[in-house]
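Notes for the one structure printed next.
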Amino acid sequence: MKYTNIKEGIFLERLNRFVARVTVDGKEEYCHVKNTGRCKELFVPNTRVFVSEIDSTKRKTRYDLISVYKGERLVNVDSQAPNQVAQEWVRAGGLCSGITKLIREKTYGDSRIDIYAETEKRKILVEVKGVTLEEDGIVRFPDAPTDRGIKHLGELEKSLAAGIEAYILFVIQMEGVRYFEPNRAGHPEFADALAKACQAGVHILAYDCKVGTDSLEISSEVPVLLR
């Protein structure tokens, strides 16, 4: 996926879940934060960031915050991006070949699963989770408790009985990491639910991304450790 009207800035502070102060072109601006996660390790004062200028009179903010440098690593923080790049990846044959149908936000049971795909012989559900939490090359999800994530895992398990293949795809919004694991310290119930789903037959995948200043693309599979 590609972004437009990208500018470099300096992160100053996060005012609330949705708004941050950023210096762009030497001027302080209010910027929309496209990620409601905590991201405390990323949103650090005086950090280099990239923002997208949005030309709209209906908005209160002029910019969207897209990516943040953590040391030498550029991390995409757009929580909407993982679904889009996952759709592009599935459609291009990244998950499997012969895709004949693809629907986003498919209602299944009591949930909306991010991607539903078909081949001539297969029906597939894919739930997508973006990952930005990293420490010493280890990436984890979630960065805050997610009952919704547990609910999605339950729906994926139920789909197996209907002959539907089920996947949870962790899209790691950075490159060059060592492995993925659930954030047991942050939400042990999700870690347990993920292990249970895996034992039931839900496929657990993690892929890192090539992160450009104006782009994001799924790249390489990353080992998954369930503990």
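At least one side-chain heavy atom of R48 sits less than 4.5 Å from a side-chain heavy atom of I10. Residues F141 and I168 fail the side-chain proximity criterion, which asks for heavy atoms closer than 4.5 Å.
Taking hydrophobic clusters as Ile, Leu, Val, Met, Phe, Trp and Tyr residues chained together by side-chain heavy-atom distances below 4.5 Å, Y63 does not share a cluster with Y30.
Salt-bridge formation is detected for the pair E105/R112: a Lys NZ or Arg NE/NH1/NH2 atom is positioned less than 4.0 Å from an Asp or Glu carboxylate oxygen. With respect to the salt-bridge test (charged N to carboxylate O, under 4.0 angstrom), the residues E41 and K70 do not qualify. Between E53 and R62, at least one side-chain nitrogen of the basic residue sits less than 4.0 Å from a carboxylate oxygen of the acidic one, meeting the salt-bridge criterion.
Aromatic ring orientation, Y207 versus W89: tilted (interplanar angle from 30° to 60°). In this pair, F18 and H32 present their aromatic rings parallel. The plane angle is below 30°, not in the 30 to 60° band.
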Practice problem: Starting from the C-alpha separation in whole Å, work towards a yes-or-no answer on salt bridge (Lys or Arg N to Asp or Glu O under 4.0 Å) for E13 and R21. | Solution: CA-CA 5 Å; E13 66 172 333; R21 284 197 309 122; 2.8 Å; yes
Quiz item: Going through the distances and angles, do V126 and D114 end up as a side-chain contact (heavy atoms from CB on, under 4.5 Å)?
Solution: CA-CA 6 Å; V126 184; D114 291 312; over 6 Å; no
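The neighbour count for D55 CG, taken as heavy atoms of other residues, nucleotides or ligands under 6.0 Å away, does not exceed 12.
A donor-acceptor contact shorter than 3.5 Å is absent between the side chain of R140 and the backbone of D143. Panel note: side chain E155, backbone D110; a donor-acceptor pair is recorded below 3.5 Å. E165 places no side-chain N or O within 3.5 Å of a backbone atom of I124 that could act as its donor or acceptor partner. Of the possible polar contacts, one joining the E88 side chain to the M1 backbone as a donor-acceptor pair under 3.5 Å is found.
Side-chain atoms of T61 and R59 include a donor-acceptor pair closer than 3.5 Å. For the residue pair D64/Y3, the side-chain donor-acceptor check at 3.5 Å is not satisfied.
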